[in-house]
Amino acid sequence: MGEKIKRTHHCGSLTLENTGDDVVLAGWVQTRRDLGGLIFVDLRDRSGMVQVVFSPEYNRQAFEKASEIRSEFVLAVKGRVFKRPEENVNPKIPTGEIEVFADELEILNTAKTPPFPIEDDIKVDESLRLKYRYLDLRRPSMLHNMTFRHKVNKAIRDFLDENGFIEIETPMLTRSTPEGARDFLVPSRLNPGTFYALPQSPQLFKQILMVAGIERYYQITRCFRDEDLRADRQPEFTQLDIEMSFVDVDDVISLNERLIKYVVERTTGRTVEIPFRRITYGEAMEIYGSDKPDTRFGLEMVDVTDIALKTEFKVFSEAARSGGKVKGINIKNSAGLFSRRQIDELVEKAKEFGAKGLAWISLSSEGIKSPIAKFFAREVMEELLERMGAQPGDFLVFVADSDPRLVVTSMGQLRLHLGRHLNLIDKNALNFLWVVEFPLLEWDEEEQRYVAMHHPFTSPMDEDLDLLEEDPGRVRAKAYDLVLNGTELGGGSIRIHRTELQERMFKVLGFTQERAWNNFGFLLRAFEYGTPPHGGIAYGLDRMIMLLLGLNSIRDCIAFPKTQNAACLMTEAPAQVEPRQLKELHIQVTI
RNA sequence: GGCCCAGUAGUUCAGUUGGUUUAGAACGCCAGCCUGUCACGCUGGAGGCCGAGGGUUCGAGUCCCUUCUGGGUCGCCA
């Protein structure tokens, strides 16, 4: 901007109180309305928009120059603020009561016609928005998302700073470790044939920081996982990573409740009640069929396996007898909603979700309608209806299978489908929920061994320690996930801090001592030098911001996101490199 | 890796069982006119390798195959 013309005010900040002020504005041209003898320009900067008037009577020179103006030109305008006459007030914009008469115009830059309009609620293909992301980010809603994200980051830092945490950066170039997601690898030029891995999370470093006596650490940092993308998943994403020493599960949970309350109330103005509800993993699976239940609606699952044993209906009784389960959901007051055809569709859905079938009982005004009723003795049916809390008008669905896990997971998905389909979800609710007491290990069919459900450094619960060798699958962990509206926001655990327990853990995971030291030697060595009890949590920050903003995709709160093919449409990364670069790295491309 | 959806002016879309001229509309863009517009208005104009390649056919935007791109989802994501 030239010497003589320097910004004094922001477009969106002008009000009636500025009437009569001489101002200099700078910004982009939202629209130009050329009436021939009078030109209106809506000038936009980060703060908002204001109408600038170019009139030959006010300043002929500026007026004549204004005919060159086009959309998205960058202008500096010197002028005076006037109150608009009553009939010219525009109630649709915040600055609609005033306008700026221009007496000097400087065109700081011209612009090509943008490929899509710079305004909210545009219908345009997302790939075009991503290619021209700098234009997309000019749209007020995207600017708002970026600003909100900044506020969340700031609130997090304010709270954690006040609570004695220090932010420490950990390396981006680190070593690949087994288990977990696929790593992004970076070749080392100075050490031919070796590779760094980009961190999947700062997990090991933050534990070492506890050994280092930091006591309270946090970091807002990028993490990398080379897995397929989703609406809520990018290959590079941001974590809020926290670790604390001398704490147990309750300490971590209560600090994090205060953190979440602080951040959400600060950034959204909404009220958050703490403590959050807690539910064990076992309960979550039995009642909701999910380890991240959406508790904004009911449709809770009821176990009727014992009743199923008493029926003539083979699907039920045999599932029950062979170690399986039978579970039902009572969809209250909905018998009238399910026509024969809609029932068929629901059965199809259940099959999509893995169930072998779906039994149903409709309690309409004409009495019980159900293809399975004939297999039930009167008193067994009564017991079933009572267990289900069934009233006239209710519609009951049941899934039975000899595989109990299949029953709960398929029904859990069916529950979500019904919740959405029947519009039972309160879109304004913020239902925070802790899921605790996760299994420490799960059996991996492919590898024929136990693998850590969280990670190999997660501490078992004290009362389950004795089961570690004899029945590893039953050991519960000091692990917790924070769930918001059916989405996992973050998770963490109390870690193992004693060498002998860590060695038992590796043994159960099938690691020889040699392999454990090969992969995690640096951590195990650190643990030998006085490791305090410690634990922490990590949040998916993109996801948290997406949910708080009510977005459908994390791409809308990431400035430069990747597509489903993990490409950046703006920079066209990834791309081929010069043969010389590959040679320096001793890398040969074989495709 | 599997399944599903979508690719036609700059943008958003329409385009009939495959068939009539030169593939349309709206918005945007360009030009002219217009002194109170704010979705400015009026008149006129430019703008298309119908994602790409192959096939079927007398004839393909339309049917078939392959492929690319974008999106959703399952697998995957300690």
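Naming: A, B, ... by sequence-line order, numbering from 1 per chain. Please read these numbers as outputs of a predicted model, since none were measured by experiment. Both backbone and side-chain heavy atoms feed into the values below; hydrogens, waters and symmetry mates do not.
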Please give, in whole Å, the distance from B:rG7 C1' to A:Leu569 CG?
14 Å
A:Thr31 and A:Asp42: side-chain donor and acceptor closer than 3.5 Å?
yes
Contacts of A:Arg230 and A:Arg225 projected onto RNA chain B by closest heavy atom; the upstream (5') one is A:Arg230
Using a cut-off of under 3.5 Å, enumerate the N/O to N/O pairs linking the protein to nucleotides 38-46 of chain B.
from   : atom 1 : to      : atom 2 : distance (Å)
B:rC38 : O4'    : A:Arg33 : NE     : 3.0
B:rC38 : O2     : A:Gln51 : OE1    : 3.3
B:rC38 : O2     : A:Asn90 : ND2    : 3.1
B:rC38 : N3     : A:Arg84 : NH1    : 2.7
B:rC38 : N4     : A:Arg84 : NH1    : 3.4
B:rC38 : N4     : A:Asn88 : O      : 2.5
B:rA39 : OP1    : A:Lys92 : NZ     : 3.3
B:rA39 : OP2    : A:Lys92 : NZ     : 3.0
B:rC40 : N4     : A:Asp34 : O      : 2.4

What's the gap between B:rG24 and B:rA14 when it is taken at their C1' atoms, as a whole Å value?
7 Å
Partner of B:rC34 under the Watson-Crick or G-U wobble criteria, both distances under 3.5 Å, comes out as none
Run the salt bridge (Lys or Arg N to Asp or Glu O under 4.0 Å) test against A:Glu488 and tell me which residues pass, sequence neighbours left out.
none
Whole angstrom is fine here: how far is it from CD in A:Glu227 over to P in B:rG75?
13 Å
So CD of A:Glu126 and CG of A:Asp556: to nearest 0.5 Å the spacing works out to 6.0 Å
Run the side-chain hydrogen bond (donor to acceptor under 3.5 Å, both in side chains) test against A:Lys562 and tell me which residues pass, sequence neighbours left out.
A:Glu236
What is the nucleic acid contact for A:Phe520, judged by heavy atoms within less than 4.0 Å: base, sugar-phosphate only, or nothing?
nothing
Sugar-phosphate, base or nothing in reach of A:Ser55, heavy atoms under 4.0 Å:
nothing
Side-chain N or O of A:Arg70 less than 4.0 angstrom from OP1 or OP2 on B:rA31?
yes
d(A:Phe522 CZ, A:Ile208 CD1) to nearest 0.5 Å is 5.5 Å
List in chain and number order the residues that pass ring-ring contact (aromatic ring centres under 6.0 Å, His included) with A:His10, two or more places apart in sequence or in another chain; answer none if no residue qualifies.
none
The complete set of salt bridge (Lys or Arg N to Asp or Glu O under 4.0 Å) pairs with one or both residues in residues 110-121 of chain A, sequence neighbours excluded, reads none
When we call it a touch if two heavy atoms are under 4.0 Å apart, what does A:Phe40 touch: a base, just sugar-phosphate, or nothing?
base
Rounded to whole Å, please give me the gap between CG in A:Leu38 and C1' in B:rC34.
11 Å
Spacing of the P atoms in B:rG7 and B:rG15 (rounded, Å):
10 Å
A:Glu488 near the nucleic acid: base, sugar-phosphate alone, or nothing, with a heavy-atom cut-off under 4.0 Å?
nothing
Indicate, with a heavy-atom threshold strictly under 4.0 Å, whether A:Asp228 touches base, sugar-phosphate, or nothing.
base
Taking the six-membered ring of A:Phe297 as reference, does the NZ or CZ atom of A:Arg420 fall below 6.0 Å from its centre and within a 45° cone about the axis?
no
List the residues meeting side-chain hydrogen bond (donor to acceptor under 3.5 Å, both in side chains) with A:Glu348, not counting sequence neighbours, and say none if there are none.
none
Looking across every strand, which nucleic acid part, if any, lies under 4.0 Å from A:Val451 by heavy atom: base, sugar-phosphate, or nothing?
nothing
Please tell me whether A:Thr177 and A:Arg175 have a donor and an acceptor in their side chains that are separated by less than 3.5 angstrom.
no
Residues in ring-ring contact (aromatic ring centres under 6.0 Å, His included) with A:Tyr217, at least two apart?
none
Would you kindly give the CD-to-P distance between A:Gln564 and B:rC3, to the nearest whole Å?
15 Å
Expressed as a whole number of Å, how far does the P atom of B:rG55 sit from that of B:rA46?
36 Å
Expressed in angstrom and rounded to an integer, what is the separation of A:Met453 atom CE from B:rC77 atom P?
12 Å
Measure from NZ on A:Lys123 to C1' on B:rG10 and round the result to the nearest Å.
17 Å
Could you check how far CG of A:Leu135 sits from P of B:rG10, rounded to whole Å?
17 Å
Taking any heavy-atom pair under 4.0 Å as a contact, classify A:Leu130: base, sugar-phosphate, or nothing.
nothing
Reckon A:Pro178 touches a base, only the sugar-phosphate, or nothing at all at heavy-atom distances under 4.0 Å?
nothing
When you measure from the side-chain N and O atoms of A:Ser127 to the phosphate of B:rU69, is any distance below 4.0 Å, counting only OP1 and OP2?
no
RNA chain B contacts among residues 408-423 of chain A, heavy-atom distance under 4.0 Å
none
Pairs under 3.5 angstrom only: tabulate donor-acceptor contacts from the side chains of residues 86-95 of chain A to other protein residues two or more places apart or in another chain.
from    : atom 1 : to      : atom 2 : distance (Å)
A:Asn90 : OD1    : A:Lys92 : N      : 2.9
A:Thr95 : OG1    : A:Met49 : O      : 2.6

Roughly how many Å apart are B:rG53 and B:rU17, using the P atom of each and rounding to a whole number?
27 Å
Specify the residue among A:Ala231 and A:Arg182 whose closest nucleotide of RNA chain B lies further upstream toward the 5′ end.
A:Ala231
Given B:rU12, B:rU35, B:rG71, the nucleotide with the shortest approach to the side chain of A:Glu57
B:rU35
How far, in whole Å, is B:rA60 from B:rU8 if one measures between their C1' atoms?
14 Å
Checking N1-N3 plus N6-O4 or O6-N4 for Watson-Crick, or N1-O2 and O6-N3 for wobble, each under 3.5 Å, the partner of B:rU66 is B:rA52
Starting from C1' on B:rU35, measure out to CD on A:Glu64 and report it in whole angstrom.
15 Å
Just to be sure I understand the rule, does A:Gln203 reach a base, reach only the sugar-phosphate, or reach nothing, if contact means heavy atoms closer than 4.0 Å?
base
Pairwise C1' distance, B:rA6 and B:rC42 [rounded to whole Å]
38 Å
When all nucleic acid strands are considered with a 4.0 Å heavy-atom cut-off, which category describes A:Arg129: base, sugar-phosphate, or nothing?
nothing
